[in-house]
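Residues take their numbers from the sequence shown, with the count starting at 1.
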Amino acid sequence: MIKMPIKILALLIFTGIQNPVKGQFVNIQLKVEPELSATIEQNLEFGNIVTNSGRTNISLGDVNMGIFKIRAFHTQNVYLSLQYPEYLSHSDTRIDDRITLDLSMAYNNMGTNSYSDAMLLNGNNGYISVHERTAETYTNEIWKELYIYVFGIIDVGNITNGMYSGNIILSIDFD
């Protein structure tokens, strides 16, 4: 008989005889569009080269250098890596002629496409900030641009006429 009143008392407490409880529930959904992008602004272009023309140099700032733009969150870091073959090969695999290739890379993380502010990336790879954060460059903008410049030298000797190519890979790993 003692068990019955305890069950009734417990039932009264759980059914809200004391103060009723009020609550609000809010369901929030956010859609965030990614703004990360990497685009080719200008291709690296050595143009048409004549047999035995020797070294052709495209320097940092030359109109034919390659320009890439990365748009990312201003506090983000990226790892850049430029890989390329030692030689460009003839499109006809039966021809063993090659063109020597040597490339370099520089970057500008001040938010402008200006090679004069670019810094050389030693070894053609490195970990850098998308935006250089200094007192002079601080803004309220969340998304910033990082510019990458690719330039270099080819050396054309006594080779067979034709199309020479090789795979040049710019890897960008976002942190």
Side-chain angles (χ1 to χ4, degrees), residues 32-134 136-137 141-175:
V32 178
E33 293 292 327
E35 298 255 350
L36 298 174
S37 65
T39 57
I40 299 171
E41 297 290 301
Q42 179 175 297
N43 288 314
L44 174 63
E45 181 64 53
F46 284 100
N48 292 326
I49 306 295
V50 178
T51 299
N52 283 323
S53 61
R55 292 170 61 98
T56 300
N57 185 22
I58 295 179
S59 302
L60 178 61
D62 191 292
V63 296
N64 291 324
M65 72 178 173
I67 303 174
F68 302 87
K69 179 175 77 171
I70 298 172
R71 180 172 169 83
F73 193 63
H74 72 281
T75 59
Q76 206 159 15
N77 296 312
V78 294
Y79 182 79
L80 302 174
S81 176
L82 181 67
Q83 294 116 23
Y84 60 92
E86 190 175 342
Y87 300 99
L88 299 177
S89 301
H90 196 282
S91 58
D92 185 344
T93 56
R94 297 172 294 170
I95 298 173
D96 292 331
D97 294 345
R98 304 182 292 187
I99 298 174
T100 304
L101 177 67
D102 186 22
L103 298 178
S104 297
M105 179 171 52
Y107 68 92
N108 178 345
N109 63 350
M110 301 301 282
T112 59
N113 183 2
S114 172
Y115 67 87
S116 61
D117 295 326
M119 299 192 51
L120 190 62
L121 196 56
N122 293 326
N124 286 332
N125 62 57
Y127 188 72
I128 61 172
S129 174
V130 167
H131 182 66
E132 182 66 34
R133 292 175 287 279
T134 64
E136 297 84 33
T137 61
E141 295 177 30
I142 294 174
W143 302 101
K144 291 291 184 179
E145 287 83 27
L146 165 70
Y147 291 90
I148 301 166
Y149 307 102
V150 178
F151 49 98
I153 299 168
I154 59 172
D155 193 1
V156 180
N158 187 16
I159 58 171
T160 307
N161 289 337
M163 184 72 86
Y164 289 79
S165 64
N167 292 325
I168 300 170
I169 301 169
L170 174 61
S171 299
I172 305 164
D173 294 319
F174 291 91
D175 182 23

Distance-only, no hydrogens or angles: does the [X] side chain make a donor-acceptor pair with backbone N or O of [Y] under 3.5 Å?
X: Asp117; Y: Asn108; value: no
X: Asn52; Y: Asn158; value: yes
X: Asn125; Y: Gly123; value: yes

Taking side chain as C-beta onward, heavy atoms only, is [X] less than 4.5 Å from [Y]?
X: Leu121; Y: Tyr149; answer: no
X: Asn109; Y: Val130; answer: no
X: Ile168; Y: Leu101; answer: yes
X: Lys144; Y: Leu146; answer: no
X: Phe73; Y: Trp143; answer: yes

If you count the non-hydrogen atoms of other residues, nucleotides and ligands that lie under 6.0 Å from [atom1] in [X], is the total more than 12?
X: Tyr115; atom1: OH; value: no
X: Ile95; atom1: CD1; value: yes
X: Asn167; atom1: CG; value: no

*asked:* Can you see whether Ser116 engages Ser114 through a side-chain donor-acceptor pair at a distance of less than 3.5 angstrom?
replied: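 Yes, because at least one side-chain N or O of Ser116 sits under 3.5 Å from a partner of the opposite role on Ser114.
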Where [X] and [Y] come nearest, the two heavy atoms and their spacing:
X: Arg71; Y: Glu145; value: NH1-OE2, 2.5 Å
X: Ser171; Y: Gln83; value: OG-OE1, 3.9 Å
X: Tyr147; Y: Thr112; value: CD1-O, 3.3 Å
X: Ala106; Y: Ala118; value: CB-CB, 4.0 Å

Taking atom [atom1] of [X] and atom [atom2] of [Y], what is their separation to the nearest 0.5 Å?
X: Asp62; Y: Asn57; atom1: CG; atom2: CG; value: 7.5 Å
X: Ile99; Y: Leu88; atom1: CD1; atom2: CG; value: 5.5 Å
X: Asn48; Y: Thr56; atom1: CG; atom2: OG1; value: 11.0 Å
X: Tyr84; Y: Leu170; atom1: OH; atom2: CG; value: 13.0 Å
X: Ile153; Y: Phe46; atom1: CD1; atom2: CZ; value: 8.0 Å
X: Leu80; Y: Ile148; atom1: CG; atom2: CD1; value: 4.5 Å

Determine the sole option in Asp97, Thr160, Asn161 for which the side chain to side chain donor-acceptor pair (under 3.5 Å) test with Thr51 is passed.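 Single side chain to side chain donor-acceptor pair (under 3.5 Å) partner of Thr51 among Asp97, Thr160, Asn161: Asn161.
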For this session: Would you check, one step at a time, whether the test side chain to side chain contact (heavy atoms under 4.5 Å, CB included) holds for Tyr164 with Ile49?
Result: CA-CA 10 Å; Tyr164 289 79; Ile49 306 295; over 6 Å; no
Does the side chain to side chain contact (heavy atoms under 4.5 Å, CB included) test come out yes or no for Phe151 and Ser104, once each step is laid out? CA-CA 5 Å; Phe151 49 98; Ser104 297; 3.5 Å; yes
Decide yes or no on side chain to side chain contact (heavy atoms under 4.5 Å, CB included) for Val50 and Val156, but give the supporting numbers first. CA-CA 8 Å; Val50 178; Val156 180; over 6 Å; no
